[in-house]
Amino acid sequence: MRTIRVHQPGGPEALVLEDLPVPTPGEGQVLVRLQAIGVNYIDTYKRAGLYKVPTPFTLGEEGAGVVEAVGAGVTSVAPGDLVVYCNVQGSYAEYALVPAEKVVKVPPGLSVKTAVAGMLQGLTAHYLVKSTYPLKAGETCLVHAGAGGVGLLLIQMAKMLGARVIATASSEEKRRLAREAGGDFALPYESFDQKVRELTEGRGVDVVYDGVGQATFEGSLNSLRVRGMLVLYGQSSGPVPPFDPQVLNQKGGLYLTRPSLWHYTQTREELLWRASEVMGWALEGRLKIRIGAEFPLDQAAEAHRALQGRATTGKVLLIP
Ligand code: NDP
């Protein structure tokens with residue numbers, strides 16, 4: 001089977017196409033023949049060595065496709081079922097071995113591509129608005145990179161909860177997408193903190209969902225109300241440097257958290273709750289899951305260049 005592997009961390013050129021034998025599922029494992037693979041920003045951190053993974057490894061941690069075979073003890077799915085999963089290393093490939101407890105069935109009526117496009121990023125948006133800072137009707141949030149994979153889903157979910165949404169994005173076209181997703185305002189990044197103060201009559205927003213990191217961190221703190229929360233959930237512009245907690249006092253008794261999806265899918269029940277809500281909203285048409293670009297598996301490096309070059313919107317997929 002074709003796989004995309006990393007032997008030496010580096011730029012997109014570190015992605016190597018390799019042939020490996022199709023694996024056999026062991027106890028509790030499911031062999032999935034992948035039909036669509038999710039590209040996520042975390043894949044670029046692992047490829048570059050910002051997040052350390054023992055080499056060599058197959059990149060990617062999200063996929064969807066057909067169950068080809070199951071190992072001993074697996075009763076939740078059977079060969080022929082359509083399934084989706086995330087947070088399991090090794091999805092840039094034609095086949096993947098996945099622990100059965102990580103696999104979710106794709107409901108009838110939902111395409112495999114839409115299911116995978118709403119999985120890692122959809123579950124992330126879900127935990128951010130429902131659990132990390134549970135948004136209430138009438139509150140105001142700031143969402144950075146509002147036309148990105150997580151961003152477009154976050155905006156829609158925040159609006160479902162009755163919140164007011166201020167988004168940022170780098171181009172007019174991206175700001176248009178953020179507004180179409182329901183954003184009340186879509187701003188360029190320049191002096192966004194001042195603009196946020198104006199839009200909130202000087203008060204500041206209740207919460208900032210910041211996946212951009214280094215470039216926006218300080219402005220995000222400046223945008224919060226007294227006792228507001230900065231949810232730093234990513235770093236597409238680079239990691240935030242070491243930080244003096246006294247700043248949280250000076251800027252208004254603020255809260256800062258740095259969560260990962262893993263912290264919010266601790267049990268099978270929690271995973272299924274989030275996945276069934278996200279897929280249910282997609283089936284009802286309440287949540288639009290935008291697939292912005294598709295690349296053949298062997299062009300994974302191009303997909304990374306596009307994602308890191310800020311040239312994508314919504315979800316990026318690899319097709320085996
Ligand atoms: P996106 O589709 O949002 O792509 C990243 C976007 O970041 C770009 O499109 C760009 O939008 C913006 N950006 C701002 N500055 C830069 C820069 N210097 N270089 C590149 N991009 C920049 O990616 P994802 O939706 O996959 O992920 C978004 C963030 O969320 C990432 O940081 C990721 O690591 C994080 N994440 C965290 C999770 C968690 O559980 N903690 C789970 C999933 C994702 P624009 O041009 O509009 O600025």
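Atoms within each ligand, like the ligands themselves, are counted from 1 in listed order. For the numbers below, each heavy atom of this structure counts, side chains included, while hydrogens, waters and symmetry mates do not.
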Looking at [Y], is its backbone amide N or carbonyl O close enough to the side chain of [X] to form a donor-acceptor pair, meaning the two atoms are under 3.5 Å apart?
X      : Y      : result
Lys113 : Ala117 : no
Arg197 : Asn222 : yes
Tyr233 : Val212 : no
Tyr209 : Leu128 : yes
Ser237 : Ala215 : yes

Which of the numbered atoms in ligand 1 are below 4.0 angstrom from a heavy atom of [X]?
X      : value
Val212 : 14 (C), 15 (N)
Ala169 : 47 (O)
Gly234 : 32 (O), 35 (C)
Ser260 : 39 (C), 40 (O), 41 (N)
Gln308 : 19 (N), 20 (C)

Heavy atom of the protein closest to [atom] (residue, atom name, distance):
atom                    : value
atom 12 (C) of ligand 1 : Ser236 OG, 3.6 Å
atom 24 (P) of ligand 1 : Gln121 NE2, 3.5 Å
atom 11 (O) of ligand 1 : Lys174 NZ, 3.5 Å
atom 35 (C) of ligand 1 : Tyr233 O, 3.6 Å
atom 27 (O) of ligand 1 : Tyr41 CB, 3.8 Å
atom 29 (C) of ligand 1 : Gly211 O, 3.7 Å
atom 39 (C) of ligand 1 : Tyr127 OH, 3.3 Å
atom 2 (O) of ligand 1  : Gly149 N, 2.8 Å

Taking only non-hydrogen atoms of [X], do any sit less than 4.0 angstrom from ligand 1?
X      : answer
Gly151 : no
Trp262 : no
Tyr189 : yes

Indicate, as side chain, backbone, both or neither, the part of [X] found under 4.0 angstrom from ligand 1 when only non-hydrogen atoms are considered.
X      : answer
Tyr45  : side chain
Leu261 : both
Arg258 : side chain
Gln235 : backbone
Pro259 : backbone

(request) Tell me, yes or no, whether the heavy-atom count around Glu284 atom CD, taken from other residues, nucleotides or ligands under 6.0 Å, exceeds 12. (result)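 Counting other residues, nucleotides and ligands, CD of Glu284 exceeds 12 neighbours.
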(message) Does Glu27, at its CD atom, have more than 12 non-hydrogen atoms belonging to other residues, nucleotides or ligands within less than 6.0 Å?
(response)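 Open.
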Which option out of [options] puts a heavy atom nearest to [atom]?
atom                    : options                       : result
atom 28 (C) of ligand 1 : Val150, Val316, Asn40, Thr312 : Val150
atom 43 (C) of ligand 1 : Asp210, Leu120, Thr168        : Leu120
atom 15 (N) of ligand 1 : Arg175, His144, Arg310        : Arg310

(message) In this structure, would Tyr51 and Val39 fall into the same cluster of hydrophobic residues linked by side-chain contacts under 4.5 Å?
(response)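 Tyr51 and Val39: one cluster.
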(request) Supply the atom-to-atom distance Phe185 CZ to Thr140 OG1, rounded to the nearest 0.5 angstrom. (result)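 Separation between the atoms: 9.0 Å.
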(message) Evaluate Arg179 against Asp184 for salt bridge (Lys or Arg N to Asp or Glu O under 4.0 Å), listing each step before the verdict.
(response) CA-CA 6 Å; Arg179 277 191 292 267; Asp184 298 277; over 6 Å; no
(message) Ignoring hydrogens and geometry beyond distance, is a side-chain donor-acceptor pair present between Gln299 and Arg305 at under 3.5 Å?
(response)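 Note: Gln299 and Arg305 side chains miss the donor-acceptor criterion.
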(message) Aromatic contact between Tyr264 and His126, with the criterion being ring centroids under 6.0 Å apart: yes or no?
(response)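 No, they do not, as the ring centres are separated by 6.0 Å or more.
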(message) With side chain to side chain contact (heavy atoms under 4.5 Å, CB included) as the test, pick out the partner of Lys315 among Ile289, Asn40, Val116, Leu153.
(response)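 It is Asn40, the one option of Ile289, Asn40, Val116, Leu153 that forms the side chain to side chain contact (heavy atoms under 4.5 Å, CB included) with Lys315.
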(request) For the pair Glu101 and Arg268, find out whether any cationic side-chain nitrogen is under 4.0 Å from an anionic carboxylate oxygen. (result)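 No.
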